[in-house]
Amino acid sequence: MALRTAGSVLVVFLWSVAVVLGQNGWSVTYTTQRICALKGSTVELTCSYIYPRGYRVTTTFWFTKIVDVENYVNLTDDPDYKDRGTYRSDRMNGHTLKITNLRESDSTEYKFRFITDQTRGKYFGNPGVTLSVTDLQVKVTTTWWSTTLTCSTTCTLTGNSTYIWYRNSKIVQVASSPSYSVYFKTEDSFYCAVKGINSPAVSVRAQSYFHLTYTHQRICTLKGSSVNISCSYTYPRSHTVSETKWYIKGKLDEAPQILSPGYGGRVEYLGNMQSDSTLRITDLREEDTAEYKFRFRTDQTNWEPTFPGTTLTVTGLQVKVTPATVTEGQKVKLTCITTCTLTDNPNPTYIWYKNGHVTTQSNSLFLKPVSSEDAGRYSCAVEGHEDLYSPEETLTVRYGPKSTSVSVSPSGEIVEDSSVTLTCSSDANPPVDKYTWYKKNGASLTGSEKTYNFTTISSEDSGEYYCEAENKYGRLNSSSVSMDVQC
Ligand SMILES: *[C@@H]1O[C@H](CO)[C@@H](O)[C@H](O)[C@H]1NC(C)=O
Ligand SMILES: *[C@@H]1O[C@H](CO)[C@@H](O)[C@H](O)[C@H]1NC(C)=O
Ligand SMILES: *[C@@H]1O[C@H](CO)[C@@H](O)[C@H](O)[C@H]1NC(C)=O
Ligand SMILES: *[C@@H]1O[C@H](CO)[C@@H](O)[C@H](O)[C@H]1NC(C)=O
Ligand SMILES: *[C@@H]1O[C@H](CO)[C@@H](O)[C@H](O)[C@H]1NC(C)=O
């Protein structure tokens, strides 16, 4: 009953929206209302809009989330779509949202909003575009004479798709049909692909089959951390698993490198020897980057799938300073970079360290304007892995002279005919390269060095002295020191 009520409410609601559209001339038309796309692929959603005369559109964007009233999250600003969602519009009133590297969590409704220069002139097209993201699975149907493999998705892929079937990694069928039939006994392994995206694979053997699925096709993780590479498998009921092995596919002509538990003191096997296995590697190094595969032996056979395993990429962290050299007052951006997007944390918050101390937590560090105090050694780490920080990168800030001062040596009373040295000091980067000496209300001085010497000082030299320090970025005068020469 409840469902039926909800359904009729929905119908009334849609109907009334349609009427409003017709009357007022506001609408958004989506090119496609439902899209089913593959995980990992790219999708484009397009719409156009109309509005009554007398308005001027000031803002347009796509969104999926509404934080509260009138607070729609601009999708291109949404961290969930960082580096994946882009919006472009063309002169023909086409407004396209492109999302790359689709994730299952992107399955939702996408709507387009436009805002005009008048307070009440705002609109979004409802319903929007429903996107469903699916992965590929191989379904096996067996009869006494054949085995049919179907490349299955949880929704029907939008557009014409070409299914490619691989048998032992070689293409055996390219067709618009997702099914492939095998008519004889075989121990080969099969997998399918659509638009370059692969399914996990199955191995067919007579009327029973071996089936192996790696949890991930790719994993990207941090150097120094640990990883769990896992798979699940099935095999004929009459068999018993006697041995499981994880290995790294050797280079051409090279034997596979078996990673037995304990290997290098960093390898562990987790799992039950029945349906799943996990290879755990701790203290990861960049050299661990490789393709990891699994095979098992039963009391009756040895099964080694030929399809791709899990590709592990181990990345270090690196601080990138842009621009590389900066002058005080300009702006500088420090970003923490990895060579791949971290699988378990695609949108990490970074912890920033300056000279070994935590300074802040943020995606990147914007220093604008940058000050000389910001200079230092910076490194970054991913939140949750604070101990795995990047090598330090030095931020050099160039600035003109600061706190210029004059000192007198020897200090204390100055006696006629003694020798006296004035020294001009100033903080600057690069260091001061030009000094000018002045005497208040006196003749100009000729010295242009950091020190100004009186070999035999006379009472006429009494007075107030100051200096000017200069480098490429500026100049600054010191306050004056007074010298009183005693006879
Ligand atoms: C949405 O975000 C993009 C990228 O940050 C920006 O270019 C665009 O102007 C934003 N639109 C609105 C309406 O805020
Ligand atoms: C999809 O396939 C149908 C039937 O074969 C064909 O008529 C249509 O033009 C194809 N569409 C595209 C976009 O290729
Ligand atoms: C790997 O699995 C072990 C045991 O289940 C678990 O304690 C650990 O947190 C997992 N590590 C990662 C990185 O997922
Ligand atoms: C002044 O004297 C000091 C110490 O004798 C010497 O190092 C410096 O070069 C002299 N400065 C000038 C400008 O001659
Ligand atoms: C320093 O003082 C001299 C003499 O008074 C003056 O010509 C010069 O402009 C001053 N320099 C600065 C940076 O103020």
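Along the sequence shown, residues are numbered consecutively beginning with 1. Remember, it's 1-based here, ligands and their atoms both numbered in the order they're listed. All values reported here derive from a predicted model rather than from experimental measurement.
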Task: Ser226 and Thr282 side chains, donor-acceptor separation under 3.5 Å - done: no
Open item on the list: Checking contacts here: is it the side chain or the backbone of Asn453 that comes within 4.0 Å of ligand 4, counting heavy atoms only? Could be both or neither.
Closed with: side chain
Task: Within the 6.0 Å centroid threshold, strictly below: Tyr452 and Trp437 - done: yes
Open item on the list: Determine whether the aromatic ring centres of residues Tyr353 and Tyr378 are separated by less than 6.0 angstrom.
Closed with: no
Open item on the list: Determine whether the aromatic ring centres of residues Tyr465 and Phe454 are separated by less than 6.0 angstrom.
Closed with: yes
Open item on the list: Within the 4.0 Å heavy-atom shell around Glu449, which atoms of ligand 4 are there?
Closed with: 13 (C)
Open item on the list: Regarding ligand 4, does Thr421 bring an N or O atom to under 3.5 Å of one of the ligand's N or O atoms?
Closed with: no
Open item on the list: For the residue pair Arg295 and Tyr247, would you count it as a cation-pi contact if the rule is NZ or CZ under 6.0 angstrom from the ring centre and within 45 degrees of the ring axis?
Closed with: yes
- [ ] Apply salt bridge (Lys or Arg N to Asp or Glu O under 4.0 Å) to Asp80 and Lys82, showing your working.
- [x] CA-CA 6 Å; Asp80 288 347; Lys82 186 173 171 259; over 6 Å; no
Task: Numbered atoms and elements of ligand 3 in range of Asn228, under 4.0 angstrom, heavy atoms - done: 1 (C), 2 (O), 3 (C), 8 (C), 10 (C), 11 (N), 12 (C), 14 (O)
Task: salt bridge (Lys or Arg N to Asp or Glu O under 4.0 Å) contacts touching residues 413-432 (sequence neighbours left out) - done: none
- [ ] Identify, chain by chain and in numerical order, each protein residue with a heavy atom under 4.0 Å from an atom of ligand 5.
- [x] Tyr438, Tyr466, Glu468, Arg475, Asn477
- [ ] Flag the pair Tyr233 / Phe296 as yes when their ring centroid distance falls below 6.0 Å, and as no otherwise.
- [x] yes
- [ ] Using a strict 4.0 Å cut-off to heavy atoms of Leu270, name the atoms of ligand 3 that fall inside it.
- [x] 2 (O), 4 (C)
Open item on the list: Using a 4.0 Å cut-off to any heavy atom of Arg280, which atoms of ligand 3 qualify?
Closed with: 1 (C), 8 (C), 10 (C), 11 (N)
Task: Contact atoms of ligand 3, heavy-atom distance to Ser226 under 4.0 Å - done: 13 (C)
Open item on the list: So that I can tick it off, tell me whether Glu328 and Lys402 are bridged by a salt bridge, with the cut-off set at under 4.0 angstrom between side-chain N and carboxylate O.
Closed with: yes
